[in-house]
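As structure tokens, the structure follows; a few thoughts come after it.
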Amino acid sequence: MTMSEEKKSVTRREFIGKSVKVAGFAVGLGGAMGLTVSRFLNNATGRKLGSVVNTSDHDLRELSAVDPALIQYREAGKITTSAQHLHAIAVDPEDRVYLAADKSIQVFSMDGVHLSELRLNDTPRCLTVTGNGIAYVGMRDHVEIYSPRGLQKASWGGLGQNAVLTSIAVSENDVFVADAGNRVVLRYDASGKLARRIGERDESRDIPGFSVPSPYFDLAVSPDGLLRVANPGQHRVEAYTFDGDLELSWGNPSMGIAGFCGCCNPVNFAMLPDGKFVTCEKGLPRVKVYNAEGGLESVVAGSEAFAKNAKVCALGGGPFGCRTGGMDVAVDSSGSVLVMDPVEKVVRIFERIEDA
Amino acid sequence: MPEEKSRVTRRDFIRSGIRGTCLLGLGGSMGLLLNRIQGNDTVWQIDPEKCIACEKCMDHCVLEVSAVKCFHKFAMCGYCKLCTGYFEPQPNALDTGAENQVCPTGAIKRGFVEHPYYEYIIDESLCVGCGKCVKGCTAFGNGSLFLQVRHDRCLNCNECAIAVVCPAGAFKRVPADRPYLLKGGEADRSMGL
């Protein structure tokens with residue numbers, strides 16, 4: 001045996017000793033790393049996974065209850081769409097359903113058959129369709145007009161970066177546009193010339209001004225020749241002449257079924273053929289019918305019918321919360337109520353129960 | 001003789017064991033040091049999109065009065081006359097009477113701006129982080145009120161007592177140079193809000 005061979009030889013005790021050293025170092029380092037990773041994970045989550053409890057649901061349960069005797073409509077149908085975002089609904093005199101969805105206008109029959117689609121360059125936010133099939137589409141800051149064949153007939157100028165158009169209605173000679181960003185109703189003539197600004201605060205005319213806390217600001221031309229405008233921050237529906245005089249208003253803030261709940265409702269409304277109003281609320285998503293004087297007549301559907309929509313407004317319901325859950329409503333020639341739910345991405349059709 | 005030298009005595013063996021233990025301690029110390037260094041670069045914060053305003057922030061902070069406070073992002077506020085973060089669900093009147101306020105400590109100051117707008121300012125010295133206002137604002141309004149850990153108070157504990165009990169997993173470590181998680185921003189703009 002040579003010297004070099006002697007040096008290379010390792011005894012059992014040396015082997016065990018070195019193993020203990022290596023193992024000790026490895027265990028120490030591993031333990032420290034484990035501790036670090038463990039702390040990091042604890043810091044990142046602070047809890048065990050799978051224990052999320054939404055405690056906010058309970059709070060609205062009592063407020064959302066509706067007396068079943070008040071519900072005088074039943075769900076009769078549903079229109080589904082593959083669109084990612086629904087913005088507005090309109091029904092033409094032929095009872096075709098128009099949806100402003102994504103960057104298009106989609107047309108459906110009442111039984112849910114997709115009839116046609118008009119592709120747009122930007123996102124439509126509101127629309128109305130006249131008896132001769134002309135579609136008036138409100139984009140964020142301007143109005144586009146399309147022929148029944150889908151050809152663009154006109155585009156009325158930009159209203160500035162603060163403009164957020166949320167509703168559009170047409171009378172015989174005028175077009176009315178609700179601008180939530182500037183809190184004003186704009187009256188155009190048929191050629192697109194701005195004729196009047198309606199609803200701006202004016203103490204000399206006893207006009208209180210519109211309060212629009214969130215991007216919901218609806219209007220409609222009613223059969224009595226007045227312009228009806230929702231004033232959501234005041235929980236009212238107001239009636240104006242086409243010249244901008246405030247004639248009357250109705251509506252009260254209340255969590256109760258007869259009033260408009262929360263900070264800013266109704267978000268949208270439509271007018272039935274007999275002059276009654278169908279209103280939509282957010283927060284407590286409910287659809288109700290009021291008579292022409294503002295008295296509650298019946299409930300189309302309460303919060304229970306819009307469970308998914310209600311969750312959007314609950315804590316943890318999404319990044320945009322109540323600002324994106326507002327339902328839109330339209331009515332057809334027979335008085336059926338079409339509710340567009342942007343959360344479920346469907347249109348639900350409600351018919352009045354005959355013996356209600 | 002060479003064979004005897006290569007043998008390890010009991011004393012050598014113990015010495016080696018002590019060395020190993022020292023290395024173990026060194027490894028552990030380095031780990032702890034690393035942990036502490038990392039901890040100093042991050043702070044605790046609440047993700048407002050996950051927070052469910054369960055009121056645990058108010059009770060579980062090691063401070064006598066929680067470091068969690070309500071934050072008001074004015075750019076998102078609707079300046080509502082009837083603020084559901086300020087008023088009880090069914091207030092007797094829309095005034096500053098204590099019986100009408102949802103905040104148990106009166107930490108929200110309501111001020112008239114111009115008809116019909118009102119501003120709501122949080123008095124942080126009174127806010128206890130209960131989140132009652134957050135619930136109301138989110139349920140009906142724009143969600144401009146939300147809870148945040150205020151870093152002029154937070155002790156930045158290694159194991160935050162609130163994070164441990166948070167049922168929504170809303171507590172997380174964020175970089176110390178960006179210590180707040182605010183709502184809104186680019187996502188809102190993309191939605192046209």
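Residue numbers begin at 1 in each chain, while the letters A, B, ... track the order of the sequences. Quantities reported herein were computed from a predicted structural model and do not represent experimental measurements.
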To check you understand the geometry: which heavy-atom pair defines the closest contact between B/L82 and A/P253, and what is its length?
CD1-CB, 3.5 Å
Shortest non-hydrogen contact from A/S254 to B/Q90?
OG-OE1, 4.1 Å
Nearest 0.5 angstrom please: A/C263 SG to B/Y86 OH, how far?
16.0 Å
Working to the nearest 0.5 angstrom, can you tell me the gap between B/N142 CG and A/C264 SG?
6.5 Å
Please look at B/Y117 and chain A and tell me whether the side chain, the backbone, both or neither of the residue comes under 4.5 angstrom of a heavy atom of that chain.
side chain
Need one label for B/Y79: side chain, backbone, both or neither, based on atoms under 4.5 Å from any heavy atom in chain A.
neither
Please say whether more than 12 non-hydrogen atoms of neighbouring residues, nucleotides or ligands are located less than 6.0 Å from [atom1] in [X].
{"X": "A/N121", "atom1": "CG", "answer": "no"}
{"X": "A/Q161", "atom1": "CD", "answer": "no"}
{"X": "A/K308", "atom1": "NZ", "answer": "no"}
{"X": "A/R205", "atom1": "CZ", "answer": "yes"}

Is chain B contacted by the side chain of [X], its backbone, both, or neither, given a heavy-atom distance below 4.5 Å?
{"X": "A/P232", "result": "neither"}
{"X": "A/E281", "result": "neither"}
{"X": "A/R201", "result": "side chain"}

Which of B/G143, B/C137, B/P89, B/P91 touches chain A most, by non-hydrogen pairs under 4.5 Å:
B/P89
Side chains of B/F140 and A/C261 in contact at under 4.5 Å (non-hydrogen atoms)
yes
Per the side-chain contact (heavy atoms from CB on, under 4.5 Å) rule, which among B/C77, B/S144, B/C80 passes with A/P213?
B/C80
Sidechain-backbone polar pair: B/K81 side chain, A/Q234 backbone, donor-acceptor under 3.5 Å
no
